Amino acid sequence: MENLIESKIREKLVAAIEKAIEDGSLKLESIPDIYLEIPNNPENGDYATSLSLKLAKTLRMPPMKIAGIIVEHLEEPNSLFDKIVMAPPGFINFFLRERAVSAVIKQVLAEGDRYGSSMQGSGKKVNVEFVSSNPTGPLTIGHGRQATIGDVLSNALSFCGYEVTREYYYNDAGKQMNMLAQSVHARYQQLYDSAYPFPDEGYKGDYIRDAAVDVREQEGDKFAGKNDPETLDFFRRFAVREMIALIDRDLKNYGVRFDVWSLESSLYSEGKVEQAIELLRKHGHIYEKDGAVWFRSSALGDEKDRVIVRSNGEKTYFAGDIAYHMNKHERGFDWAIDIWGADHHGYVPRMKAVIKALGYPDDFLECIVHQMVSFMRDGQEIKMSTRQGQFVTLDELVREVGLAVTRFFFLMRSADSHLVFDLDLAKKESNENPVYYIQYAHARISSIVKHASEKGIDLGNLAGADLSLLTEPEEIDLMKYLSRFPSVVEAAAEKREVHRIPNFILEAVGLFHAYYNKSRVVSEDEPLTLARLALVEALRLVVRNALGLLGIEAPERM
RNA sequence: GCGCCAGUAGCUCAAUUGGAUAGAGCAACGGCCUUCUAAGCCGUAGGCUGAGGGUUCGAUUCCCCCCUGGCGCGCCA
């Protein structure tokens with residue numbers, strides 16, 4: 001489950017500090033947070049703590065002296081550590097014994113596909129809302145980044161013991177839907193009269209023509225030449241339904257699953273929007289000016305007040321979102337995560353203001369903002385515009401470079417960084433492409449295991465292998481690295497930094513490839529063969545678990 | 001003008017709640033396939049972390065101020 005080595009070191013440090021407090025050598029009120037880190041330079045140990053440096057100020061003692069006291073009070077250091085040394089200006093460095101390191105293999109083999117999971121989240125209910133596009137066309141690669149981050153963050157949170165609900169919110173109300181209706185309507189009319197005018201602001205993509213053809217197939221020419229409100233209403237409902245089906249299909253093909261689909265329109269039909277406005281009004285956050293209804297968000301951290309009901313009586317998108325977040329809270333979530341593109345980041349303060357106005361804890365809502373994606377093909381940047389019909393759809397992208405590559409590229413970089421998606425690189429099936437590098441490692445290990453089994457080696461008892469035979473530096477490094485996986489998953493979930501997972505896998509399989517080229521796993525030395533098989537099998541499980549969190553397949557052969 | 005994000009090797013990016021000597025991949029150059037998959041490995045080279053101040057034992061990381069790029073700043077969504 002957790003990183004056993006790390007938690008043992010923490011326990012020992014806590015015990016040592018407790019003892020030191022008891023006998024008066026450290027004058028502390030309580031146990032401080034235990035900072036543990038992995039030094040860059042192995043000469044500084046496998047783990048290190050700068051605890052004494054942090055405590056120096058409050059204790060008013062020299063850090064080296066504090067380090068000395070802590071080390072003196074550590075119990076049975078020899079069971080886990082080779083040595084513990086103090087280093088100026090006050091670090092305590094821990095060097096693990098090889099036996100302590102190899103324990104991770106047994107842990108991985110025993111826990112299998114649960115290795116790396118934890119109960120950190122202790123069942124807290126979290127709602128993760130992502131993608132949430134207008135149903136006006138297929139998903140673009142801009143949505144793709146968000147879909148991937150949201151999907152993988154949800155996976156990581158679940159793996160860490162949170163109860164996650166993945167949610168998609170359709171903005172199926174408002175002006176955009178009328179424009180969509182008019183666009184499909186115009187394309188439909190053009191099937192009968194090629195001179196029929198197309199609206200200037202209409203959606204120009206081919207999928208609009210497809211929808212028009214679908215109308216003709218299902219309804220024939222009964223709307224030909226008609227432009228009355230009932231006709232347009234039919235086209236609106238038809239088009240929304242068709243677009244939602246399109247998006248559902250895209251998400252399914254992309255391997256993203258949702259638990260709940262919320263419709264903006266049903267918040268209206270169920271009166272939720274009115275209720276939300278009334279609640280805000282009751283608490284004095286609402287006023288009227290110039291015939292419109294305003295939310296006083298400037299009093300709660302936003303830069304200005306926001307209109308929620310326009311002077312023509314129509315509610316704004318924001319009004320729906322207020323009701324929606326109230327709804328999330330009413331459904332009993334402990335917290336809600338919204339994932340948005342950078343073009344919506346200005347929305348964060350007003351949404352936070354809503355949370356405050358409704359009287360929810362400030363941290364009920366967490367907004368994750370990811371930077372934009374640009375798309376390069378043949379060295380040329382492609383501008384995306386749904387209305388111009390010049391977008392690159394997620395579906396096209398997946399078809400072109402494959403699911404694994406698409407997902408991996410979207411995940412590789414921190415959400416804060418702008419992403420340049422280079423199609424030419426993504427299409428290369430070579431070592432330039434990190435996805436193949438990883439999958440190749442998995443296939444290689446699978447091949448080793450197969451080879452061993454064909455040689456008649458009993459793979460049923462890998463857990464019983466004599467792991468003390470694993471003494472090569474590459475083997476030790478690999479084992480140490482595997483033990484870090486649970487911490488990486490936890491960091492990915494807790495810091496909402498999913499790119500840590502791809503980085504971890506790349507590093508891990510890099511160690512493996514080097515090891516593979518230097519040492520043979522299957523040899524005439526049977527005990528050593530078993531030990532090495534246990535090692536690579538553990539690695540294979542970790543790679544598979546990690547790829548699983550990313551929604552990427554781990555192939556047996558390539 | 002105001003706000004959010006970014007600025008690290010030629011290019012694309014990492015860097016463990018502030019840690020010790022800032023790391024990978026690509027591109028360049030030189031090596032490794034009668035042995036479990038060469039979609040691989042090993043080696044060489046590459047840096048004033050955009051500039052300047054500050055905080056402290058210690059700053060790529062935090063604060064201030066500039067510069068550059070992206071994105072916002074609607075009774076649109």
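Lettering of chains follows the sequences in order, A, B, ..., and the numbering in each one begins at 1. Everything quoted here is computed from the prediction, not taken from an experiment.
Side-chain N or O atoms of Ser132(A) include one that pairs as donor or acceptor with a backbone N or O of Tyr169(A) at under 3.5 Å. At least one donor-acceptor pair closer than 3.5 Å links the side chain of Trp294(A) to the backbone N or O of Lys289(A).
The side chain of Ala87(A) sits closest to A20(B) out of C71(B), A20(B), G19(B). Counting only heavy atoms from C-beta on, Tyr440(A) has its side chain closest to G40(B) among G72(B), C36(B), G40(B). Among C75(B), C57(B), G40(B), the nucleotide with an atom closest to any side-chain atom of Pro89(A) is C57(B). Distances from the side chain of Pro39(A) to the nucleotides U17(B), A20(B), C36(B) place A20(B) closest. Taking only side-chain atoms of Asn40(A), from C-beta outward, the nucleotide of U17(B), G74(B), A20(B) with the closest atom is A20(B). The nucleotide whose nearest atom lies closest to any side-chain atom of Arg520(A) is, among C36(B), A77(B), C75(B), C36(B). Which of A77(B), C71(B), A20(B) sits closest to the side chain of Phe91(A) comes down to A20(B). Of the candidates C41(B), U16(B), G19(B), the closest approach to any side-chain atom of Leu53(A) belongs to G19(B).
In this structure, A59(B) makes no Watson-Crick or G-U wobble pair, since no nucleotide meets both defining distances under 3.5 angstrom. Using Watson-Crick or G-U wobble geometry with both donor-acceptor distances under 3.5 Å, U16(B) finds no partner in any strand shown. Pair assignment for A9(B): none, as no Watson-Crick or G-U wobble contacts are both less than 3.5 Å. Applying the Watson-Crick and G-U wobble criteria (two distances, each under 3.5 Å), C32(B) pairs with G40(B). Across all strands shown, C2(B) pairs with G72(B); the Watson-Crick or G-U wobble distances both stay below 3.5 Å.
Separating the C1' atom of G58(B) from that of U21(B) is a span of 14 Å, rounded to the nearest Å. If you take atom P in U17(B) and the same atom in C62(B), they sit 11 Å apart, rounded to whole Å. As rounded to the nearest Å, C42(B) and A6(B) have C1' atoms that lie 36 Å from one another. The same atom, C1', is picked in A27(B) and in A59(B); the two are 32 Å apart, to the nearest Å. Nucleotides U56(B) and C63(B) have their C1' atoms positioned 13 Å apart, rounded to a whole Å. Separating the C1' atom of C33(B) from that of G19(B) is a span of 43 Å, rounded to the nearest Å.
Rounded to whole Å, atom P of C41(B) lies 11 Å from atom CG of Leu506(A). Counting to the nearest Å, the P atom of G58(B) and the CG atom of Leu51(A) are 19 Å from each other. Spacing between atom CG of Leu59(A) and atom P of C57(B) amounts to 15 Å, rounded to whole angstrom units.
Contact annotation: side chain of Asn93(A) to base of A20(B), donor-acceptor pair present below 3.5 Å. Between the side chain of Asn517(A) and the base of G40(B), a donor-acceptor pair under 3.5 Å is found.
Phe408(A) has its ring centre no less than 6.0 Å from the ring centre of Phe410(A). A ring-centre distance under 6.0 Å is not found for Tyr287(A) and Phe295(A).
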- Item | nucleotides 4-14 of chain B: protein proximity per nucleotide (B base, S sugar-phosphate only, - neither; heavy atom, under 4.0 Å) | BSS-----SSS
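Within 4.0 Å (heavy atoms only), Tyr35(A) reaches at least one base atom of the nucleic acid.
For the pair Arg484(A) and Phe504(A), the cation-pi test (distance below 6.0 Å, angle within 45°) is failed.
Ranked by how close their nearest RNA chain B nucleotide is to the 5' end, Arg310(A) and Met372(A) are led by Met372(A).
Legend: salt bridge (charged side-chain N to carboxylate O under 4.0 Å, His left out) pairs involving residues 34-59 of chain A, not counting sequence neighbours, sorted by first then second residue: Asp46(A)-Lys480(A).
For the pair Glu537(A) and Arg544(A), the salt-bridge criterion is not met [side-chain N within less than 4.0 Å of a carboxylate O].
Between Tyr168(A) and Tyr170(A), the ring planes are tilted. Angles from 30° to 60° get that label.
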